[in-house]
Amino acid sequence: MMRILVFPNASLAARAAAQFVSRTLTTRPAAVLGLPTGRTMIPVYRQIAALHERGRCSFRRAQTFNLDEFLGLRPGDAGSFCTFMRQHLFDRVDMVPGRAHFPDADGREPGAYDDRIVRAGGMDLCLLGIGLNGHLGFNEPAARLSARTHRVRLLPSTRRANAYLFRNLARVPKYAVSMGMATILNARSVVLLATGGDKAGIVRRALAGPLTTRVPASLIQTHPNALVVLDRAAASGLLRGRSTSR
Ligand code: GLP
């Protein structure tokens, strides 16, 4: 079942997503979380850090698995998702370094990441953003999608969308390692957050359109326990769709 919550603005939507993560950690201190990067998540991680500061949540016993990482970067490289996570979340909470996992950036045995997730007990909650082209993690639109963690060639539009992490576009790696669609959808619950008017079109295609590998996020419709958190701008395509073509 997919539930959709719409908030008046992006910061209230981010707060709701942060509270959801925090509540998961309260009810299950040893929770296994799947975590994304992306600009949408920056305010979410800020809110989680604020909740931690007020003693409302702890990562001490949790384990986290990031959805993806650029191929060939070292964990300490400025543009890596590992650096992003440290800056925006891990350094601001009580995360135990060995309990924060990332796909191996050498991409040699990507499937081993799925085994690590299974050994940890599987993900209780996977937090998700959505790319402008409908990607989840780095599962790019294609005729076929991969089930397990795999190496991906990034589309030019995705490299442009990630250029903010690097000094210029040429430095954005061309390849990455990403959890696969089954890796993500095997999480016991998923929370997808999208904010801003530029996501309205893709949110509509993902949530109200047909299931298609051309919009990987559309597969979230099949998840038994999915929560979608939107601000009004990102939801505007859904609401418009209801009064006109649907
Ligand atoms: C990146 C990440 C995704 C994320 C997406 C959206 O490419 N690999 O996991 O959901 O971008 O990013 P943003 O929030 O910046 O729009």
Side-chain angles (χ1 to χ4, degrees), residues 9-11 13-14 17-18 21 33-48 64-73 77 79-85 87-89 101-103 105 107 110 113 123 125-142 145-146 149-166 169 171-181 183-185 187 190-203 205-207 215-220 226-231 233-235 237:
N9 59 51
S11 86
V21 173
L33 306 175
L35 296 179
T37 54
R39 278 169 286 202
T40 313
M41 297 302 149
I42 294 174
V44 179
Y45 293 152
R46 197 185 304 127
Q47 299 269 6
I48 293 176
T64 62
F65 286 86
N66 262 79
L67 267 82
D68 42 19
E69 181 56 286
F70 293 109
L71 195 82
L73 295 190
D77 283 350
S80 74
F81 285 159
C82 189
T83 298
F84 177 103
M85 291 306 296
Q87 263 173 11
H88 295 289
L89 183 67
H101 308 271
F102 288 83
Y113 199 51
M123 291 186 283
L125 167 68
C126 187
L127 184 61
L128 297 166
I130 180 172
L132 280 171
N133 64 4
H135 69 216
L136 289 185
F138 273 139
N139 292 279
E140 299 279 40
L145 298 175
S146 299
T149 302
H150 59 292
R151 179 187 156 123
V152 276
R153 189 187 165 89
L154 300 174
L155 295 174
S157 58
T158 296
R159 292 185 64 235
R160 277 196 299 277
N162 280 279
Y164 72 100
L165 294 166
F166 297 85
L169 182 58
R171 288 176 180 263
V172 183
K174 294 195 170 63
Y175 292 88
V177 182
S178 175
M179 282 187 191
M181 292 305 297
T183 324
I184 293 171
L185 296 172
V190 295
V191 174
L192 184 141
L193 173 68
T195 54
D198 56 340
K199 295 276 172 76
I202 196 63
V203 162
R205 288 175 66 203
L207 305 184
V215 183
S218 66
L219 298 193
I220 198 178
L227 175 67
V228 179
V229 179
L230 304 172
D231 68 350

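As the structure lists them, so they are numbered: ligands from 1, and atoms in each ligand from 1.
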Inset, instruction - Please report which non-hydrogen protein atom sits nearest to atom 15 (O) of ligand 1, along with the residue it belongs to and the distance in Å to one decimal place. - result: R39 N, 2.8 Å

Legend entry - Beyond-backbone contact of L89 with T64, side-chain heavy atoms, under 4.5 angstrom: no

Legend entry - Option set V44, T40, L35, criterion heavy-atom distance to atom 14 (O) of ligand 1, minimum: T40

Inset, instruction - Determine whether any heavy atom of G137 lies closer than 4.0 Å to an atom of ligand 1. - result: yes

Inset, instruction - Please name the residue in the list E69, H150, M179 that meets the side chain to side chain contact (heavy atoms under 4.5 Å, CB included) test with Y113. - result: M179

Inset, instruction - Could you check if a side-chain atom of L219 sits within less than 4.5 angstrom of a side-chain atom of L145, using non-hydrogen atoms only? - result: yes

Inset, instruction - Say whether L67, considering both its backbone and side-chain N or O atoms, lies within less than 3.5 Å of an N or O atom on ligand 1. - result: no

Inset, instruction - Check whether any heavy atom of H135 sits under 4.0 Å from an atom of ligand 1. - result: yes

Legend entry - Minimum side-chain heavy-atom gap F65-T149 below 4.5 Å: no

Inset, instruction - Taking the side chain as every heavy atom from C-beta outward, state whether P141 and L155 have any atom pair closer than 4.5 Å. - result: yes

Legend entry - Heavy-atom side-chain proximity of L128 to P36 below 4.5 angstrom: no

Inset, instruction - Report the part of D68 in contact with ligand 1, treating N, CA, C, O as backbone and CB onward as side chain, heavy atoms under 4.0 Å; options are side chain, backbone, both, neither. - result: side chain

Inset, instruction - Return the residue, atom name and 0.1 Å-rounded distance of the protein heavy atom closest to atom 16 (O) of ligand 1. - result: K199 NZ, 2.7 Å

Legend entry - Polar proximity ligand 1 side, Y164 side, N/O cut 3.5 Å exclusive: no

Inset, instruction - Taking the side chain as every heavy atom from C-beta outward, state whether F166 and L73 have any atom pair closer than 4.5 Å. - result: yes

Legend entry - Mode of L128 contact toward ligand 1 - side chain, backbone, both, neither (heavy atoms, under 4.0 Å): neither

Inset, instruction - Report the nearest protein non-hydrogen atom to atom 4 (C) of ligand 1: residue, atom name, distance rounded to 0.1 Å. - result: T37 O, 3.8 Å

Legend entry - ring pair (Phe, Tyr, Trp, His ring centres under 6.0 Å) between F81 and F102, worked out: CA-CA 9 Å; F81 285 159; F102 288 83; 8.4 Å; no

Legend entry - Pairwise side-chain contact, L136 with L192, heavy-atom cut-off 4.5 Å (strictly under): yes

Legend entry - atom 12 (O) of ligand 1 - nearest protein heavy atom and its distance: G38 CA, 3.7 Å

Inset, instruction - Within a distance under 4.0 Å of any heavy atom of N162, pick out the atoms of ligand 1 and give their elements. - result: 1 (C), 7 (O)

Legend entry - Test item: L207 and I220 side chains (from C-beta on) under 4.5 Å apart, heavy atoms: yes

Legend entry - Contact check: T158 vs ligand 1, nitrogen or oxygen atoms, below 3.5 angstrom: no

Legend entry - Distance from atom 6 (C) of ligand 1 to nearest protein heavy atom, with residue and atom: I130 O, 3.5 Å

Legend entry - Contact atoms of ligand 1, heavy-atom distance to G129 under 4.0 Å: 10 (O)

